[in-house]
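Below is one structure, written out as structure tokens; comments come after it.
We name chains A, B, ... by the order of the sequence lines, and we start the count at 1 in each one.
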Amino acid sequence: MALNRLFRRRRTSGGGRDVPDLWLKCPACEAQIYKKDLEANLMVCPECGYHFRMSAENRVRLLADENSFAQTSGAVRPVDALHFSDTAPYQERLERYQQKTGKSDAIYGGSCTIGGVPAMLFVMDYDFAGGSMGSVVGEELTRGAEQAASEGRAFVTVSSSGGARMQEAALSLMQMAKTTMALDRLWEKRLPYVSIMADPTTGGVTASFAALGDVVLAEPGALIGFAGPRVIKQTIRQDLPEGFQRSEFLLQKGMLDQVVKRQDLKETLARILRLLHPEGGRDGA
Amino acid sequence: MALNRLFRRRRTSGGGRDVPDLWLKCPACEAQIYKKDLEANLMVCPECGYHFRMSAENRVRLLADENSFAQTSGAVRPVDALHFSDTAPYQERLERYQQKTGKSDAIYGGSCTIGGVPAMLFVMDYDFAGGSMGSVVGEELTRGAEQAASEGRAFVTVSSSGGARMQEAALSLMQMAKTTMALDRLWEKRLPYVSIMADPTTGGVTASFAALGDVVLAEPGALIGFAGPRVIKQTIRQDLPEGFQRSEFLLQKGMLDQVVKRQDLKETLARILRLLHPEGGRDGA
Amino acid sequence: MALEFEQPILELEARIRELNEYAEEKGVDLGDEIELLQRKLDSLQKEVFSGLSRWQRVQLARAPGRPTTLDVLQTIFEDFTELHGDRAFADDPAIVAGIARFAGRSVAVAGHQKGKTTKDNIHRNFGMPHPEGYRKAMRMMDLADRFSMPFISLIDTPGAYPGISAEERGQAWVIAQSIQRMGRLRVPAIAVILGEGGSGGALAIGVGNRVLIMENAWYSVISPESCAAILWHDASQAERAADALRLTARDLKELGVVDEIVKEPAGGAHRDPQASMRELSKTISATLEELSGMNPDELLQDRYRRFRGMGAFDSG
Amino acid sequence: MALEFEQPILELEARIRELNEYAEEKGVDLGDEIELLQRKLDSLQKEVFSGLSRWQRVQLARAPGRPTTLDVLQTIFEDFTELHGDRAFADDPAIVAGIARFAGRSVAVAGHQKGKTTKDNIHRNFGMPHPEGYRKAMRMMDLADRFSMPFISLIDTPGAYPGISAEERGQAWVIAQSIQRMGRLRVPAIAVILGEGGSGGALAIGVGNRVLIMENAWYSVISPESCAAILWHDASQAERAADALRLTARDLKELGVVDEIVKEPAGGAHRDPQASMRELSKTISATLEELSGMNPDELLQDRYRRFRGMGAFDSG
Ligand SMILES: [Zn+2]
Ligand SMILES: [Zn+2]
């Protein structure tokens, strides 16, 4: 696959201002990087390998086989069932995020093939309310898992989320149970589920569907955990150890199957799906 | 139940010499105990609660309902299939243990009721080759589990063993798999298995059937583990922490359901069996 | 240790007690005065407890003396036999678990346990489990399935412990696993929110066919204090957050998150633990009865349908 | 690094190599001399390797250069994808595990891993797993069942690690669980003893429908050294212990403990790793073929029957 072609389209996310930032500073090595070079390199710092966040659309382009993706997300739209208001009404916030991302909520997904294997692929959008999971994210993922089960597809999620969405309160919490239980539809049909954790994957997303992949992959350096580092620091009243809650740490702690560089992600994912999906020769002779 | 009556019969084990030791020194508190007092107190030091070892026959008397026990063990006898000889031939050793304990091998068991619940109860005899598990122990336990399954009985084991029997080499090792897999006969019939660990329970016995009780109980202060303390000391070349590998340590480490004093063992076991066995009202309304 | 809004009631009660004692001691008749005060007390109680704010209910949910999981297990269950350990790392005192008999039939149980004293609370880590606690709860779910026993969970936690030790042993993973395991039970599963239902740490054992809640318990995606700290950078806005989060029993019933509210005595469960546990016992009993007609597949489907329907969105 | 009894053979081989080089360099004809030496080498090899003592085979099983689990997974399997972690405490490098393709079909695999260098060996803890390693292996068994893939284990361990860290995280428990889990597989299970089969730490992943063993591998309830230390209080009696324990491939075949011996090249697998792995591949392939006709229930029964029959006793 020609990875270079992935980024031909200009990124539309990034919001209101239209001043073109041609250069970026890498937060890890502080190198000045020409933005187009970064994009051509899958948003990975060419100097040090630091993985920048990547838009949901580009993730899909990276992982789905060319021209195979058909979006299914977007049919349901969020509502402010609790009339939640903090410094701004939830309804207003929703509209702002929708304008900014062009999505109805923090998830983007649909059907595709990956390395030839039929799949449902869902990517969380961190730009929409920190990728938080409310009713719509839960419903989209559930429908995705159900569709995968009924059509014999593998299920793949890419998480990038601060956790459950506070503004939907108990309804957000329930999405943890809902998405987790939806995975059993795949289980019944012996279809594989691969969970990919990108930076960050925390809270109620890690503690539900994201942790439960038959195979769980993570990108290098991603922040992954249940409680956020700030909360933990408050609890224990001391600084956190270097590298704590990063992918590499969690790999050592036995929580991840592999930490995979973005450049290798498609190939690794495709290989796993081919091994675990019936059409990839799983039951072949 | 009149516990005092349990020990009316003189202990026959203890072997050749007939000089009556009327007094014993408690290894824990160093108190001088009159042997009859100790026996009347279930071989528990009246001063400090130290649990002395107890013969297999007395165990059965302690746990089985009165007059309910019918021995099934003893139908198979050990052979020296490997012609194993160290400082003495295995065959000779076997005969010596048989004379000493009056048993054909290191296990004693049969059918009974416990708190009214039908059960198969098997007790390892530490006096026979350190309670080690060879082909006969494995076969007796397997038959016991199979009989429990076919007759709808609960299965109860009391372990006291140094592990697999070296003199039967690979055949002993295989008993770990055999006894473990026999437990699945109970699983299929939804019958409970309670494992009781007495001092000591180590090696291949802990690492097979004894660890796998639906409920695992241990007596206070029992040495329990995989590797023996001497081996561990050699490996790490430092002293072991106080209390390491004792029941109370393992309870903290999450390996045991309860540490139960011998005085309470029958009552606790009976309560558990009544809760888990169909005849104890498990499926009642 | 009384809550602020309980104060006037407690004072009035104390005065009535004093008068009664005085009357008895001196042999004088203070019947009229006492009756008057008693009537005043009744109306004051009504006033205070009928108009409880969400934040006040949160405080009732945390009140010392409120029945804990162990209280419930030792009171309305018979033959409770505590089982320890996760068979992997430790026994976590923040969750108690075991088998018992309820209304004549065997059940498996697990619940968060808070301490009654400071020392006990430290031992119980204030009811905030480590991964080991949830693994112990999952062991009980395994036992429940194996022996066809209903599984009953008792929820009372500010949340799963947010510390290094918990993170490095996979807090998120174990919560997800526990949600999944409970969802897969082939026996009736009932979750009871006894006091605090703090986020994923509560939900981990909250996947019941029916979810019951005590009248003054709360259940939320985040505690009011943490919510306030995030939204207004000010934990003292917890009262406002409690309202925004709609975390009371009645709110949750309206949202469809819980199925049944267990009435508490006026003033909260801690004012009459025995009565409130009797009430809970009745509700669990009726709920078990209701579920007893379903076979394992039906129970699975029923549970999936229950949680599948959660959420509010526009499919227009 | 050569073994003592290999020494004369290696020397002779070196001399033949030298003569060949000399002949080529100088253009002289040493054909006769070389042929003579070659014949001497052949008969020496025959003499040494046909009469190997049990203790010598134990040394071959430990020889540096012998194929390890990773060598096998990367050579005779395709698309080997290592999967890490036990989802509870750590990833244990003493066991490698994953999914792969064998003879065109997907399989799940797990095996003990020794290091090739001292540093690597320390990292791998000399192939002695902690409980985490066995939990990782059990995850692969779960995957195997879930996706109807055969499970293949590769055994090469002096034993499960006998240290405090392993004991306090339940070494005995996890070995028992792993034996049980493997016994319950509803897919074909093949265990291969690659090098050392040390006691319960080996058996934990040894519950196959078929158990294969490399010609010079050993499998025993205890290592010869430990056995000697216990019986004669003298580890140097290991040779005697090896005989008493009957721990070689041929012994075990006679005892019914293993089903099939995989031939190694003369001198042991480390003398020609590629050839020995090809041989192993053929045997695994044939065994898989043989098991492929059984349905899940038959596989379960077959495995039970296999281990149910183990042991020697007198039922007279
Ligand atoms: Zn950089
Ligand atoms: Zn004493």
Side-chain angles (χ1 to χ4, degrees), chain A residues 75-79 81-82 84-87 105 134-136 138-139 142 163-178 180-184 201-212 224-228 231-232 234-236 240-241 244-245 249-250 253-255, chain C residues 128 159-177 179-180 182-184 197 199-204 206-207 219-222 226-227 229-232 240-241 244-247 251-252 255-258 300 303-304 306-316:
Chain A
V76 292
R77 299 181 65 79
V79 295
L82 281 69
F84 199 99
S85 184
D86 45 279
T87 50
D105 210 310
S135 298
V136 166
E139 180 69 17
T142 300
R165 188 172 298 167
M166 208 160 36
Q167 290 84 353
E168 295 186 25
L171 295 182
S172 294
L173 183 65
M174 292 301 112
Q175 304 312 307
M176 293 170 64
K178 178 170 163 172
T180 294
M181 292 166 91
L183 298 176
D184 276 354
T201 299
T202 59
V205 165
T206 324
S208 62
F209 68 92
L212 297 171
I224 298 169
F226 179 60
V231 175
I232 299 172
Q234 272 167 25
T235 306
I236 61 164
L240 301 177
F244 178 68
Q245 286 190 316
F249 171 86
L250 285 150
K253 295 296 175 187
M255 302 301 151
Chain C
M128 295 185 289
Y161 182 62
I164 291 183
S165 50
E167 289 290 320
E168 66 186 7
R169 298 201 294 273
Q171 191 73 289
W173 272 258
V174 84
I175 289 173
Q177 288 161 357
I179 292 171
Q180 183 171 64
M182 194 165 173
R184 287 177 180 172
S199 187
L203 177 66
V207 190
Y219 191 21
S220 170
V221 72
I222 189 170
S226 303
C227 179
I230 292 171
L231 294 183
W232 300 286
R240 211 171 136 194
L245 288 168
R246 312 262 303 266
L247 45 55
D251 292 330
L252 296 162
L255 289 167
V257 169
V258 304
L300 264 179
R303 217 177 296 120
Y304 187 57
R306 187 186 187 285
F307 287 92
R308 177 69 184 85
M310 295 281 170
F313 50 80
D314 186 352
S315 357

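C:Ile222 touches chain A through its side chain: at least one heavy atom from C-beta onward sits under 4.5 Å away, while N, CA, C and O do not. Heavy atoms closer than 4.5 Å to chain A are found in both the backbone and the side chain of C:Leu245. Contacts of A:Ala177 with chain C are made by both backbone and side-chain atoms, with heavy-atom separations under 4.5 Å. In this structure, no portion of A:Ala210 lies under 4.5 Å from any heavy atom of chain C. With a 4.5 angstrom heavy-atom cutoff, A:Thr202 does not touch chain C via any of its atoms. Of the atoms belonging to C:Ile230, it is side-chain heavy atoms, and not backbone ones, that fall under 4.5 Å from chain A. Of the two parts of C:Ser220, only the backbone, made up of N, CA, C and O, holds a non-hydrogen atom closer than 4.5 Å to a non-hydrogen atom of chain A. With a threshold of 4.5 angstrom between heavy atoms, C:Arg240 approaches chain A through side-chain atoms but not through N, CA, C or O. Both the backbone and the side chain of A:Leu82 come within contact range of chain C, judged by heavy atoms closer than 4.5 Å. Contact annotation for A:Phe209: neither backbone nor side-chain heavy atoms come within less than 4.5 Å of a heavy atom of chain C.
Between chain C and the options A:Val231, A:Val136, A:Thr142, the largest number of non-hydrogen pairs under 4.5 Å is found for A:Thr142. Between chain C and the residues A:Met176, A:Arg165, A:Lys253, A:Glu139, the most heavy-atom pairs under 4.5 angstrom are made by A:Glu139. Of the listed residues C:Gly159, C:Ala244, C:Ala204, C:Ala172, the one with more heavy-atom pairs under 4.5 angstrom with chain A than any other is C:Ala172. Chosen from A:Ser172, A:Gly254, A:Gly225, A:Gly163, the residue pairing most often with chain C at heavy-atom distances under 4.5 Å is A:Gly225. Per-residue counts of heavy-atom pairs under 4.5 Å with chain A were compared for C:Val257, C:Asp251, C:Leu247; the largest is that of C:Val257. Counting heavy-atom pairs closer than 4.5 Å to chain C, the top residue among A:Gln245, A:Gln167, A:Arg77 is A:Arg77. For the set C:Met182, C:Arg184, C:Arg306, the entry with the most heavy-atom pairs within less than 4.5 Å of chain A is C:Arg184.
With C:Trp173 contributing its side chain and A:Met255 its backbone, the two residues share a donor-acceptor pair below 3.5 Å. In this structure, A:Ser135 contributes its side chain and C:Ala312 its backbone to a donor-acceptor pair below 3.5 Å. Without hydrogens or angle criteria, A:Lys178 side chain to C:Met310 main chain gives a donor-acceptor distance under 3.5 Å. Remark: side-chain polar atoms of C:Glu167 are paired, donor with acceptor, to backbone N or O of A:Ala227 under 3.5 angstrom.
The minimum heavy-atom distance between A:Ala207 and C:Ile179, with the atom names listed, is O-CD1, 3.8 Å. Residues A:Ala170 and C:Leu252 approach most closely at CB-CD2, 3.5 Å, considering heavy atoms. Nearest heavy atoms, A:Pro241 versus C:Ile164: CD-CD1, 3.6 Å. Taking every heavy atom of both residues into account, C:Trp232 and A:Ser85 meet most closely at CZ2-O, 4.0 Å.
Residues C:Asp314 and A:Val76 have side chains not in contact (no heavy-atom distance under 4.5 Å, counting atoms from C-beta outward). Using a 4.5 Å heavy-atom threshold, the side chains of C:Val207 and A:Met181 count as touching. In this structure, the side chains of A:Thr180 and C:Phe307 stay at 4.5 Å or more apart for every pair of heavy atoms. Taking the side chain as every heavy atom from C-beta outward, C:Tyr304 and A:Asp184 never approach each other to under 4.5 Å. The closest side-chain heavy-atom distance from A:Leu173 to C:Tyr219 is below 4.5 Å.
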Would C:Leu231 and A:Phe84 count as a side chain to side chain contact (heavy atoms under 4.5 Å, CB included) if you check the C-alpha gap in whole Å, the side-chain angles of each, and the deciding distance to 0.1 Å? CA-CA 11 Å; C:Leu231 294 183; A:Phe84 199 99; 3.6 Å; yes
Run C:Gln171 and A:Thr206 through side chain to side chain contact (heavy atoms under 4.5 Å, CB included) and show every step you take. CA-CA 9 Å; C:Gln171 191 73 289; A:Thr206 324; over 6 Å; no
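Atoms CD and CG, on C:Gln180 and A:Leu212 in that order, are 4.5 Å from each other to the nearest 0.5 Å. To the nearest 0.5 Å, atoms CG (A:Asp86) and SG (C:Cys227) are separated by 7.5 Å.
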